[in-house]
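First comes the structure, then the notes that go with it.
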Protein chains: 2
Amino acid sequence: MTKDGGEEMAATSADVARHAGLSRATVSQVLNGHAHRFAPETAQRVLRAAEELGYEPSVAGRMLRRGSSDFVIALIPHTTFGTNLQDIFDTVTDVLAQRGLTLVLRLSAASSTTLDRLLAGMQPRAVLSLQPFSEAERRILDERGVPGFDTTTDGDLNADIGRLQAQHLVARGYRRLAFAHLRDSRQDPYGASREEAVAQVCAAAGLPAPTVLGLGINLDDATQALDALAPGYGVACYNDDVAITLLTAAGQRGWNVPTDLGLIGMDNIPLSGVTAPRLTTIEYELSAVAQNVLAIALQALGQDDAPTPPPIDLRIVAGGTA
Amino acid sequence: MTKDGGEEMAATSADVARHAGLSRATVSQVLNGHAHRFAPETAQRVLRAAEELGYEPSVAGRMLRRGSSDFVIALIPHTTFGTNLQDIFDTVTDVLAQRGLTLVLRLSAASSTTLDRLLAGMQPRAVLSLQPFSEAERRILDERGVPGFDTTTDGDLNADIGRLQAQHLVARGYRRLAFAHLRDSRQDPYGASREEAVAQVCAAAGLPAPTVLGLGINLDDATQALDALAPGYGVACYNDDVAITLLTAAGQRGWNVPTDLGLIGMDNIPLSGVTAPRLTTIEYELSAVAQNVLAIALQALGQDDAPTPPPIDLRIVAGGTA
DNA sequence: CTGAAAGCGCTTACAG
DNA sequence: CTGAAAGCGCTTACAG
């Protein structure tokens, strides 16, 4: 960890130039995709020298010169995901890396001052978010001139989710619907959109407006939530944790699922395959969402070889609970 | 998003200097904690000007000058956490921010080339990790001269976890132990240490070596795993998902838990409070782990006001499964 | 108590 | 086809 501890100083473009017997300008040009302006043999010399020295350009120098960095920031929602973050962002990381861009994650929330500082400091090319930007976030992005892309840029995914849950319940014959939020609203960034979509489906089907529930992941809360219902309800749940908790509470109360109570979850977490009966839920690739946001971002940034946004398909996982 | 779209160009230290009628050198000094070298009134002028212009120093300029950035990178393990990432890193973010350092998250894994590039590019002050660094990672850190801190820097937490699980099972009277890994080893970065600790407890207690199981989160795998056991075993599980799956499989087989089979999980995820019987598991604050790693890092970096590493206490959550 | 100067590593217009 | 020069924003030794 000491400077003289054995590791060589990182090579600079000047080192590469010297090693190759050329100027820094030439090194820079060749390494930035303008090799064709030079004699092939010159380009080779540069490449070899860079290789031999393990040269990595300094982000600082580049940033200073260009006024913007090669970073792309992804804001992580304040939620527990069923999926690994890794699985979600793997492809995004790769796609960006192919373009010389580096993905860096940042917890959303925190103070907006922090975001402001981060933008000022990193001067990222873009900010991606898996949940809608808040008003404050949007304003800061605009002020700093950093383009931001979220899940609402390309239609409202969460409305689709709520709609699909509700339509499934209606198709299964439930005439009274409810939407069950996760009580801690910090963890429920998507709930509002989904609840509203459920209400719309009800209205369209000529059903009464949905009952709105909120619970934490424990049996007391779940039991109380059931008190607000009568047998015959179909419940669209914020996520599988909520659905499994309601399933357990219903069992203790002697309500039969799916006869007395319909339950549809969201996420298809591993444990939803282990309940009895298996949970009916919705599955989708969060990684597709991330790639979708990314693709739209790259298009907007004018990358000519931007990937086409993959479709986000929501699939019903047929279980025994609705 | 256009440069002329209305947002002002970010202010530079030169702007602040001009606004305050002073030199850039003075601005820099005052803003970097050397205000006492100047007339109080001068310092005031600088502060006010910076405030009025919404000045944020450019990371690039600073980085170039100092040769190291104000970033600290945290590597996120390839695991699904029971807890929110936010809850884990909130305090770390704050503590770092107080010292003018910015936390940035990075998925661990990925190729080691990527890490190398990241280090070369960001020149972070330190890299923290919630799982032990791999050999390759450790080498790259050393080569780049970036200090790295992981969960083994201060004793082996995972050994503690495995030991506690095993000791609990032994204390409850189980004479044959097993350790149940999560099959997908990408998601099992901690399994090896824990299994070994279980084996040590067995040896110390004069019990046979533990049976080693591996399963995915589904009933087929769990049923197969049970085949390798006989009634009377106590199983230390990699996490609560594994434990709950085994609990369900045992129920289907007609084994009584905890009489025929003892189960102890790890993490105390919300759903572990909803099973029947309630899962016996281990709870700890992952945020304490993160803060612990951070505190050790700050001490090593020679910050004089480094926080003292908080103790990481592992608590048995008494349930009905062991 | 304050400022002029140098230089961190990079890239891009320009000159040859 | 290649190189010398300027400048991005910052901080630190130095001079006054």
Side-chain angles (χ1 to χ4, degrees), chain A residues 3 8-47 49-50 53-71 100 117 119-123 144, chain B residues 3 9-47 49-50 53-71 100 117 119-123 144-145:
Chain A
K3 273 296 171 202
E8 324 82 65
M9 255 349 250
T12 71
S13 76
D15 295 329
V16 176
R18 203 172 313 122
H19 197 73
L22 294 162
S23 77
R24 282 154 72 219
T26 304
V27 169
S28 180
Q29 303 253 45
V30 169
L31 260 29
N32 285 290
H34 302 305
H36 60 276
R37 297 182 190 159
F38 296 83
E41 127 95 19
T42 304
Q44 275 308 317
R45 288 230 306 276
V46 171
L47 262 17
L53 270 48
Y55 172 68
E56 290 291 345
S58 144
V59 170
R62 202 173 238 175
M63 216 162 141
L64 202 50
R65 174 64 226 231
R66 299 219 273 231
S68 122
S69 74
D70 291 332
F71 291 118
R117 265 227 295 264
L119 296 187
M122 307 230 333
Q123 292 164 264
R144 292 278 170 200
Chain B
K3 273 294 173 206
M9 254 351 248
T12 70
S13 75
D15 295 328
V16 177
R18 203 173 313 120
H19 197 73
L22 294 162
S23 77
R24 280 156 73 220
T26 304
V27 169
S28 181
Q29 305 253 46
V30 170
L31 261 29
N32 284 291
H34 301 305
H36 60 277
R37 296 183 192 159
F38 297 84
E41 126 96 22
T42 304
Q44 275 308 318
R45 289 229 306 276
V46 171
L47 262 17
L53 270 47
Y55 171 69
E56 290 290 346
S58 145
V59 169
R62 201 174 239 177
M63 216 162 142
L64 202 50
R65 174 63 225 235
R66 299 218 273 231
S68 126
S69 74
D70 291 332
F71 291 118
R117 264 227 295 264
L119 295 188
M122 305 230 333
Q123 293 163 267
R144 292 279 170 199

- Item | Rounded distance in Å - CZ (A:Arg37) to P (C:dG16) | 19 Å
- Note on the structure: A:Arg18 atom CZ is separated from C:dG9 atom P, nearest whole Å, by 11 Å
- Message: Please confirm whether the shortest side-chain N or O distance from B:Ser58 to OP1 or OP2 of D:dC8 is below 4.0 Å.
- Response: no
- Which atom names give the shortest non-hydrogen contact between B:Leu47 and B:Leu31, and what distance separates them? CD1-CD1, 3.6 Å
- Task: Would you classify A:Ala25 as touching base, sugar-phosphate or nothing, given that sugar-phosphate means primed atoms plus P, OP1 and OP2, and contacts are heavy atoms under 4.0 Å?
- Result: base
- Reckon A:Ser28 has a side-chain N or O less than 4.0 Å from the OP1 or OP2 of C:dT11? yes
- Query: Nearest to the side chain of A:Gln29, which nucleotide is it out of D:dC1, D:dG3, C:dC10?
  - Reply: D:dG3
- When you check the phosphate oxygens OP1 and OP2 of C:dC10, does a side-chain N or O of A:Ser13 lie under 4.0 Å from one of them? yes
- Item | D:dG9 phosphate, OP1 or OP2, under 4.0 Å from B:Thr12 side-chain N/O | no
- Message: It should be established whether B:Thr42 places a side-chain nitrogen or oxygen under 4.0 Å from OP1 or OP2 of nucleotide C:dT2.
- Response: yes
- Message: Can you measure B:Arg62 atom CZ to D:dT12 atom C1' for me and round it to whole angstrom units?
- Response: 13 Å
- To the nearest Å, how far apart are B:Glu41 CD and C:dC1 P? 13 Å
- Message: Measure CZ/A:Phe38 against C1'/C:dT11 and give the value in whole Å, please.
- Response: 12 Å
- Item | Any donor-acceptor N/O pair, B:Ser69 side chain to B:Gln123 backbone, under 3.5 Å | yes
- Atom pair distance, as rounded to whole Å: CZ in A:Arg24 and C1' in D:dA6: 11 Å
- Closest-nucleotide 5' rank along DNA chain D - winner of A:Ala39 and B:Glu56: A:Ala39
- Could you tell me the separation between the NE2 atom of B:His36 and the P atom of C:dT2, rounded to a whole number of Å? 13 Å
- Message: Measuring from atom CZ of B:Arg18 to atom CG of B:Asp15, what distance do you get when rounded to the nearest 0.5 angstrom?
- Response: 5.0 Å
- Query: Just how far is it from atom OG of A:Ser13 to atom CG of A:Leu22, taken to the nearest 0.5 Å?
  - Reply: 12.0 Å
- Item | Euclidean distance, A:Thr26 OG1 relative to A:Phe38 CZ, rounded to 0.5 Å | 4.5 Å
- Does C:dA4 have a Watson-Crick or wobble partner in any strand here, with both distances under 3.5 angstrom, and which is it? none
- Item | Closest listed nucleotide, where the reference is the side chain of B:Arg66 and the choices are D:dC10, D:dT11, D:dG9 | D:dT11
- Query: Can you find a side chain N or O atom of A:Ser23 that sits less than 4.0 Å from OP1 or OP2 on D:dT2?
  - Reply: no
- Watson-Crick or G-U wobble partner for D:dA13, using a 3.5 Å limit on both distances? none
- What's the CZ-P distance between B:Arg65 and C:dA5, to the nearest Å? 16 Å
